[in-house]
Amino acid sequence: MTSTEGGRGLLMVSPPFFYALALLAMPLGAIFMFSFWTQDFVTLDTTFTLNNYREILEKPIYGALLKRSLYVSGCVTAVTVLLAFPVAYFVSFHVRPERKSLWLFLITIPFWTSYLIRVFLWKVILGYNGVVNTGLLNIGLIDEPLTFILYNVNAVIITLAHAFAPFAILPIFVALEKIDRSLLEAAQDLGESKFMTFIRITLPLSMPGLVAAVLIVFIPTIGDYVTPELMGGAGGKLIANMIQTQFLALNNAPLGAALAIVAMLCVTAISLGFVLLNRRWLRGRG
């Protein structure tokens with residue numbers, strides 16, 4: 001009986017497994033193979049070589065772009081999670097149960113519009129004659145329009161933080177909803193202040209949601225090339241823009257593939273390190 005149920009379970013899992021394998025593993029394997037080939041714009045040489053990785057190590061521009069990408073992703077993650085936690089906490093602890101669905105509905109409204117439209121709206125808001133500069137000029141806080149909020153890294157961080165805010169709010173909210181409220185009441189009955197109750201109980205128990213939010217925001221932002229292309233200007237381009245340039249503009253797919261592999265390895269290492277540090281922190285508290 002058990003073997004029959006196991007066989008049925010395996011039969012049900014097999015289609016999505018092979019589907020995911022075809023859509024994820026095979027393209028990734030192709031990118032990995034391409035990274036060891038060379039191309040002179042037209043002719044593709046399939047001879048195994050490490051020249052692409054050697055070029056990445058030797059030319060400073062690739063390292064600079066990768067560092068900038070990690071910096072931007074780190075800033076976006078920090079800003080997004082820090083702003084998302086109070087929102088999720090308010091909805092979870094201070095909104096009546098029958099209205100929580102409405103609040104979550106309102107939080108997801110930005111998904112109703114195209115990502116490109118949201119990026120262009122931020123260009124209107126942050127532009128030289130945009131909403132921010134016009135408002136600050138009208139109330140007399142500045143004498144001339146600000147130039148550091150558009151076509152640079154700052155604009156990329158602001159736009160990405162807004163775009164990924166719902167992705168951070170929802171997992172934190174789910175983690176907060178799972179916290180047993182009786183634990184908080186017991187802590188306060190024992191004389192703990194609200195702040196220390198938050199630090200000692202609420203925050204540790206919400207850590208799975210925080211970790212999920214960090215990973216959900218950090219991993220995709222480092223591969224985003226639309227926002228840096230439209231909002232970053234010359235000083236806001238990231239590694240994803242260089243990968244896109246190698247594949248499409250320069251027709252050098254092997255070098256673009258090598259850059260993608262290097263970026264993916266960096267993101268994987270940082271993400272695993274973060275998860276391991278979080279587990280060690282939780283064990284220390286336990």
Q.
For Tyr225, is there any backbone N or O sitting under 3.5 Å from a side-chain donor or acceptor partner on Asn241?
A. yes
(Q) Quick check on Ile61: does its CD1 atom have over 12 non-hydrogen neighbours (other residues, nucleotides or ligands) under 6.0 Å away? (A) no
Q.
I'd like to know whether Ile201 forms a side chain to side chain contact (heavy atoms under 4.5 Å, CB included) with Glu192, so could you lay out the CA-CA distance, the side-chain angles of the two residues, the decisive distance to 0.1 Å, and finally the verdict.
A. CA-CA 11 Å; Ile201 298 178; Glu192 200 73 271; over 6 Å; no
Q. So, does Thr159 use its side chain to make a donor-acceptor pair with the main chain of Ala155 at under 3.5 Å?
A. yes
Q.
Could you check, using the six-membered ring where one of them is a Trp, whether Phe105 and Trp112 have ring centers closer than 6.0 angstrom?
A. yes
Q. Do side-chain atoms of Ser206 reach the backbone of Gly209 as a donor and acceptor pair under 3.5 angstrom?
A. no
Q | Sub-6.0 Å ring centroid separation between Tyr62 and Tyr53 | A | no
Q | Nearest-0.5 Å distance that lies between atom OG1 in Thr134 and atom OH in Tyr128 | A | 11.0 Å
Q. Is the CZ atom of Phe90 crowded by more than 12 outside heavy atoms at less than 6.0 Å?
A. yes
Q: Kindly give the heavy-atom pair with the smallest separation between Leu50 and Phe36, and that separation in Å.
A: CD2-CE2, 3.5 Å
Q: Could you check Thr43, Thr49, Thr47 and say which one makes a side-chain hydrogen bond (donor to acceptor under 3.5 Å, both in side chains) with Asp45?
A: Thr47
Q) Between Phe85 and Phe198, does the ring centre distance come in under 6.0 Å? A) yes
Q.
For a quick test of reading the model, state the closest non-hydrogen atom pair linking Ala84 to Ala165 and the distance between them.
A. CB-O, 4.4 Å
Q. Which pair of non-hydrogen atoms, one from Pro254 and one from Gln39, has the smallest distance, and what is that distance?
A. CD-OE1, 3.3 Å
Q.
Students often mix this up, so state it plainly: with edges at 30° and 60°, are the rings of Tyr89 and Phe93 parallel, tilted or perpendicular?
A. parallel
Q: With side chain to side chain contact (heavy atoms under 4.5 Å, CB included) as the test, would you mind laying out the steps for Leu126 and Met231 before giving the verdict?
A: CA-CA 10 Å; Leu126 302 177; Met231 303 289 293; 4.1 Å; yes
Q. What is the minimum heavy-atom distance between Leu238 and Pro228, and which atoms define it?
A. CD1-CG, 3.6 Å
Q: Heavy atoms only: give me the nearest Lys237-Arg68 pair and the separation to one decimal.
A: O-NH1, 2.8 Å
(Q) Just verifying a value: how many Å separate Leu255 CG and Glu55 CD, rounded to the nearest 0.5 Å? (A) 5.0 Å
Q.
Tell me if a side-chain donor or acceptor on Asn133 pairs with a main-chain N or O of Leu146 at a distance below 3.5 Å.
A. yes
Q: State the CD1-CG distance between Ile107 and Leu102, to the nearest 0.5 angstrom.
A: 10.0 Å
Q: Check whether more than 12 heavy atoms from other residues, nucleotides or ligands sit under 6.0 Å from atom OH of Tyr115, and answer yes or no.
A: yes
**Q.** Greater than 12 external heavy atoms within 6.0 Å of Asp143's CG
**A.** no
**Q.** Closest non-hydrogen atom pair between Ala161 and Thr80, with its separation
**A.** CA-OG1, 3.4 Å
Q | Heavy atoms from other residues, nucleotides or ligands near CD of Glu98 exceed 12 (cutoff 6.0 Å) | A | yes
Q.
Main chain of Leu70, side chain of Ser73: is a donor-acceptor contact present, judged purely on distance under 3.5 Å?
A. no
Q.
Would you say that more than 12 heavy atoms from the other residues, nucleotides or ligands in this model lie under 6.0 Å from the CZ of Phe48, or not?
A. yes
Q | Inter- and intrachain pairs under salt bridge (charged side-chain N to carboxylate O under 4.0 Å, His left out), touching residues 167-177, at least two apart | A | Lys100-Glu177, Glu177-Arg181
**Q.** Intermediate values then yes/no, side chain to side chain contact (heavy atoms under 4.5 Å, CB included), Asp224 and Val156
**A.** CA-CA 10 Å; Asp224 191 292; Val156 176; over 6 Å; no
